[in-house]
Number of protein chains: 2
Amino acid sequence: MVNRTAKGSARSPRRTDSLSRELIIQAAIEMLDSGGEKALTLRALTVRLSTGYGAIYHHVKDKGDLLARAADEVIAGVMSGAVADTDPRTALRALTLGLFDAIDAHPWVGAEFSRQPWRPALLDFYEGVGRLLDALGVPEKARFDAAGALVNYVLGVAAQNASNARLRAGSDMDRKTFLENAATRWAQADPDRYPFVHAAATQLGEHDDREQFLVGVDIFLAGISTLG
Amino acid sequence: MVNRTAKGSARSPRRTDSLSRELIIQAAIEMLDSGGEKALTLRALTVRLSTGYGAIYHHVKDKGDLLARAADEVIAGVMSGAVADTDPRTALRALTLGLFDAIDAHPWVGAEFSRQPWRPALLDFYEGVGRLLDALGVPEKARFDAAGALVNYVLGVAAQNASNARLRAGSDMDRKTFLENAATRWAQADPDRYPFVHAAATQLGEHDDREQFLVGVDIFLAGISTLG
DNA sequence: CACGGGGTTGGATCGACGCTCCATTCGTGC
DNA sequence: GCACGAATGGAGCGTCGATCCAACCCCGTG
């Protein structure tokens, strides 16, 4: 047999501090936050941690596993800080807004959860929503459908925001000018064919994502309260 | 200079019927429908159309462009068949259900729209929703927020369904057994830590995605009617 | 202290991907 | 019939995720 590693190149020294899964996930989160989803490549990760593929794959199943764990980590931080408000309505707004803000700060989390919506971190979110709906007096039969609808709404907005953030990152502009550009495009829509879109262009340029999200939650809560 | 193509291999004959963008998109849609998102590779596309990369890239900017156009094509088929119902409530349910069914039949479309929510096809959907909300008597100021919330809900459910379809495709099982498996997992959740999830496991196993989607729409409509 | 086996690490290597580039060929107006 | 732009096919490039294995370190046993 041939000695396949009989090259002159000396092997780089082995790391002194041992690698851990936590360390890898932390590094992945930082890379995702600073450079978006496409910035997380295993090659870049090996460079950042000054290690090789073997070390990483020893602690993590594959790239999907790494992404999922990173997303879980971010959400876990949010859900743990959930306040137990006395008013279920206020608590529900706070809970959903917490997830909104987290995904707004880490857009890649939104994309990841729209890909894998059954992660344990989302189970906690589901549970929180369900319990608060109970406290709100929603009958048990309707609770399941209501919780599903609300969670889907939150994830929908999250995916939307994540996508916008990606577009913004592509042509580095801030949120304000991005919205103004979109509004201009809407305003240019044919008023005969698109009366609503044309008319809504102004509001698109001025609206606040966060506030609009809360309006949506309120619409939901108002609708849910009519359920028998 | 060296003649770089002076190989012995004869060039394969040029196609007689000319390639068109429509043809390429149609082939892409069929590949996506039969094998999911990962089945659409440019290499496979060149084989299917018995052509080369150059021909494809002449008609299409890149793979993202191709995916987006394919998704637009599918949705355009749905939106064109929209019925003008007299009752705006019924029409709204029909419109949203149309999009739901389309994405249910072509899960990759859901994933694509959660990635690029500002495509012209969705502008039509937005317009339809906005106009029907107007007919429903929603005041102009609230219409923008309400339409945004509803569209986001629909896209959220769509992304969720697309993801479930992907999971099902991975371990080829039908919808029923897939739901039963998920329900079993929910039922195994700790009843003390996850009382709601544990209790909802039964409904998860028995529920119908389509009906639950419509319940969500109804919750929305009920909530919207409270807007002043 | 010797030693050896298992947990851990680094990196060469693989197959597949999107995409670029260019020689070639077709079609059409002159 | 000829010239020229549009259209085509495919070799090749750079990069990706993933695999695989020799090298390495730590620690328990004798």
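All figures in this text were calculated on a predicted structure; none of them were measured in a lab.
Ser20(B) comes within contact range of no nucleotide atom at all, as no heavy-atom separation falls under 4.0 Å. Nucleic acid contact for Ile56(B): none, since no nucleic acid atom lies under 4.0 Å from a heavy atom of the residue.
Qualifying ring-ring contact (aromatic ring centres under 6.0 Å, His included) partners for His207(A), counting only residues two or more places apart in sequence or in other chains: Phe144(B). Partners of Phe220(B) by ring-ring contact (aromatic ring centres under 6.0 Å, His included), not counting sequence neighbours, listed by chain and number: Phe220(A), Tyr153(B). Shown here are the salt bridge (Lys or Arg N to Asp or Glu O under 4.0 Å) partners of Glu73(B), two or more places apart in sequence or in another chain: there are none. With sequence neighbours excluded, the residues that form a side chain to side chain contact (heavy atoms under 4.5 Å, CB included) with Thr202(A) are Glu206(A).
Straight-line distance from the CG atom of Leu49(A) to the C1' atom of dG11(C): 15 Å, rounded to whole Å. The CG atom of Leu23(B) sits 10 Å away from the P atom of dT8(D) (whole-angstrom rounding).
Of the residues in residues 57-73 of chain B, those placing a heavy atom less than 4.0 Å from an atom of DNA chain D are His58(B), His59(B), in numerical order. A heavy atom closer than 4.0 Å to some atom of DNA chain C occurs in Leu40(B), Thr41(B), Leu42(B), Arg43(B), these being the qualifying members of residues 37-48 of chain B.
Counting only residues at least two apart or in different chains, salt bridge (charged side-chain N to carboxylate O under 4.0 Å, His left out) contacts with residues 107-117 of chain B comprise Glu37(B)-Arg115(B), Glu112(B)-Arg115(B). Pairs passing the side chain to side chain donor-acceptor pair (under 3.5 Å) check and including a residue from residues 178-201 of chain B, sequence neighbours excluded, read Asp124(A)-Tyr194(B), Lys176(B)-Glu180(B). Applying the salt bridge (charged side-chain N to carboxylate O under 4.0 Å, His left out) test to pairs two or more places apart or on separate chains, none has a residue in residues 162-171 of chain B.
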| Could you go step by step and tell me if Phe213(B) and Asn152(A) meet the side chain to side chain contact (heavy atoms under 4.5 Å, CB included) rule? | CA-CA 10 Å; Phe213(B) 168 74; Asn152(A) 277 326; over 6 Å; no
